[in-house]
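Some notes on the structure that comes next.
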Amino acid sequence: MSELAGQVALVTGGSRGIGQAIAHELAEAGARVAVVARNGERAASAAAELPGVGHGGFSCDVADPEAVSETVSRVESELGPVSILVNNAGITRDNILLRLKDEDWEQVLDVNLRGAFNLIRAVTRGMMKRRDGVIVNVSSVVGLMGNAGQVNYAAAKAGLLGLTKSVARELSSRGVRCNAVAPGYIATDMTS
Ligand code: NAP
């Protein structure tokens, strides 16, 4: 029950769907959870609904490196050093290849892939100093298999796997683990 007591977990996209369930499990295990999403009110109410105390909601667009850096500083001053990072925030902008717009490509890559990079870069200096950190990136079965109508999303999710493996190779000797999960279909706002 209190396996993660004293630890701070930052969950991007923790206000809804899969991220909200992840935040709940981490809170149940005793962690203080920073729920990060663009909609700050929703993030705050999701944080308030978590079991236990010491959680917080934070408004941040993970695609914006400066906002991410400021948010990680706020989380660390309000909740404590982040020892668990879950890069779960994600979006889709689906269309067949020939109809995909430049902004559909850019937004999906910016949120799903660059967002994870932004967060990892912002939290790992502290994790390496403390020789203690766990990073979990939420990829997708689509990143492994590909999917018609989702070339942008599949590319971002496959990129996330390369990012994960490289971060693991770079930081495992410094006490920081980095893994990915690749879920299949789960009914959420994203899939509705
Ligand atoms: P969801 O219900 O649409 O929730 C997405 C979450 O991400 C929300 O909290 C949203 O909050 C946040 N978010 C979106 N863009 C953001 C940004 N730029 N900055 C910060 N937060 C942002 O999605 P979900 O289905 O739970 O998916 C969660 C993750 O699982 C995603 O990475 C998705 O690709 C992956 N996944 C989902 C499925 C599935 O079948 N559902 C399958 C495999 C993988 P705001 O809108 O307030 O920002």
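Just so you know, ligand 1 is whichever comes first in the structure, and atom 1 is the first atom listed for that ligand. This structure is a prediction, so every number in the text was calculated from the model and none was measured.
- Sorted by chain then number, the residues whose non-hydrogen atoms approach ligand 1 to under 4.0 Å are Gly13, Ser15, Arg16, Gly17, Ile18, Ala37, Arg38, Asn39, Cys60, Asp61, Val62, Asn88, Ala89, Gly90, Ile91, Val111, Val138, Ser139, Ser140, Tyr153, Lys157, Pro183, Gly184, Tyr185, Ile186, Thr188, Asp189, Met190, Thr191.
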(request) Apply side chain to side chain contact (heavy atoms under 4.5 Å, CB included) to Asn147 and Tyr153, showing your working. (result) CA-CA 9 Å; Asn147 196 22; Tyr153 182 76; over 6 Å; no
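- Contact check for Val142 versus Lys157: no side-chain heavy atoms found under the 4.5 Å cut-off.
- Around the CZ atom of Arg130, the shell of radius 6.0 Å holds more than 12 heavy atoms that belong to other residues, nucleotides or ligands.
- Taken together through direct or relayed side-chain contacts under 4.5 Å among Ile, Leu, Val, Met, Phe, Trp and Tyr, Ile186 and Val11 form part of one hydrophobic cluster.
- Among all heavy-atom pairs drawn from Val35 and Ser15, the shortest one is CG1-N, 3.6 Å.
- Hydrophobic cluster membership of Leu98, counting Ile, Leu, Val, Met, Phe, Trp and Tyr whose side-chain heavy atoms lie under 4.5 Å apart directly or via other members: none, as it forms a cluster of its own.
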